[in-house]
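Residue numbering restarts at 1 for every chain, and letters A, B, ... go by the order of the sequence lines. Quantities reported herein were computed from a predicted structural model and do not represent experimental measurements.
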2 protein chains.
Amino acid sequence: MDDASALPHATSPKHQQIVRAAEALFLAHGYGAVSMDAVARQAGVSKATLYAHFVSKDGLFASIVADKGQDNPVVESLFPDTVADLRAALREIGQRLLRFMLRDRTLSILRIAIAESARFPELGVAFYANGPQKFRDRFRAWLDTLAAQGLVETPDTLTATYQFMALLRSDMFLRAGLGLPPPPGEAEIDATVTNAVETWLRAYAARA
Amino acid sequence: MDDASALPHATSPKHQQIVRAAEALFLAHGYGAVSMDAVARQAGVSKATLYAHFVSKDGLFASIVADKGQDNPVVESLFPDTVADLRAALREIGQRLLRFMLRDRTLSILRIAIAESARFPELGVAFYANGPQKFRDRFRAWLDTLAAQGLVETPDTLTATYQFMALLRSDMFLRAGLGLPPPPGEAEIDATVTNAVETWLRAYAARA
DNA sequence: GTCTATAGGCCGATAGAC
DNA sequence: GTCTATCGGCCTATAGAC
C-alpha cells in the first residue's frame, strides 16, 4: 500500500508508533469513529507526520487491516498423519479453533470486516481467505487422508468440513459477534466442542 | 423513543417519509455513513422538519432499527403436532429458515447490529431476541413434542436446536455477511439444507 | 521528517420567519 | 409544522517553518 520511493521507511520508530496506535483504535472503534487526530494523538506524533507516512485515512486503514488475520489456529502438529483416537483429535482441533474464533481480537476484526465490507470489499475477502478458508483447506486435506485410511466415511469431505466448523460455532459465534452478554464461559465452550464432535462423528465416523 | 406530547404524530405523512428514507439509507450504508442532510434530502423535507420529528440522529436511528426484525420465518403451520415424514418436515423448515437468513434485508440488519453493537448495545440484543431466539424457542418446543412421540432421541433438545440452526448456516451465512461474491445460489441453498438435515437426522433420529 | 497552524468542507443541530 | 439560513465544531488534508 505504501509508495516506498516517496514515503518514509516502514521500520522507522514513528511509523511503528502510528501502526500500533491505528491498529488499536480501528479495531476497538471502527473506521468511522476514529479520527486522524485521535491516531496522531495516541501515536504521539503530529498529524502532518502521520500524513507523511500514509497517504490518506483510507490508505492507513487498508494497510492496517490487510495485515490482520495472518495468525490463525492452523498448526501442523494438530493434523497428524495417523490418528489413534479420532474423537480426541477432533476435540483438540475443535477446542483450538473455537477458542480462536471467540478471542476478542478475532471478533474485533470480524466486526470491522462486516461493518466496512460495503466501503472496503477487499476486507471481507481478506478476512475469509486468511481465516476460515485457510482452516477449511487444511482440515479438509486432513479428512481426505483419514478417508483414505477408512477412518471417516463420506464422498464429500468439503461438506463434512463446513459442518464441523458450523457445529463448533453453534450460536456462540453469532452471540459473541453481536456483543451479547454474558461472554461465553469455559464450561459452555467445552460443552459445545463435545456436542459438535459427537454429532459430527455420528454422521461421518466409519461404521467399523 | 418519541415524546408524544411534544413531537408530531407518527401517522403524519412527512413522518412516514422520514422513516422510509432513514430506514433505506441506514440499512444500506450504516449509521456513520448516513448524514441527516442525506435523510432530509431523500425524504423530501427540510432538516428542521426532520428534527421536529426526531430529537437527534441517535434517536432516529434507534427508533428505526428497534422496529426491524419483527418479521421472521416462524409460521405455526410449519410445526405440525403430528409428523408423518420427519425428513420432509425438517427440509421444509430448513428451506424456509435458511432463505430467510440469506435475504438482503436480514443480512443488512445483521450487519448494522454487529457494526453498531458497541455504540448501541441494545441493537444486538433486539436482533437476537426477535430473530434467532424466537425461532430457537419455537423449534425446540416442537422437538420436545417429537421426542415425547419417540420420533427423535436426545436428552438435550436445546443443543439439538442450536446444531440444526448451525448446520443450516454452514458457512454461507458468514460469507454472505462479509459480502463475499458470488451470492448463494439456489442449488447451493438446496444442497446445504439437504446436507444439514441428513447430518442432523444421523445424530438425533430415533433408531426405531 | 517533524512540527505548528490553518485551510476548506461537511456535520449535527438550531434560530427565526411564515 | 415547515421552511431557509446559519452557527459552531470537528473532520481530512496541507502549507510553510525548521
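- Not counting sequence neighbours, B:Phe173 has no partner by the ring-ring contact (aromatic ring centres under 6.0 Å, His included) test.
- With sequence neighbours left out, the side-chain contact (heavy atoms from CB on, under 4.5 Å) criterion links B:Thr106 to B:Phe100, B:Arg103.
- In this structure, the side chain to side chain donor-acceptor pair (under 3.5 Å) partners of A:Ser46, at least two apart in sequence or on a different chain, are A:Thr49.
- By the ring-ring contact (aromatic ring centres under 6.0 Å, His included) test, B:Tyr128 is found to be paired with no residue, residues two or more places apart in sequence or in another chain being considered.
- Partners of B:Phe61 under the ring-ring contact (aromatic ring centres under 6.0 Å, His included) rule, at least two apart in sequence or in another chain, are B:Phe26, B:Tyr31, B:Phe120.
- Put simply, B:His15 has no side-chain N or O that comes within less than 4.0 Å of OP1 or OP2 on D:dG1.
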Quiz item: What string of B, S and - do you get for nucleotides 3-14 of chain C, 5' to 3', when a contact is any protein heavy atom under 4.0 Å?
Solution: BB------SBBB
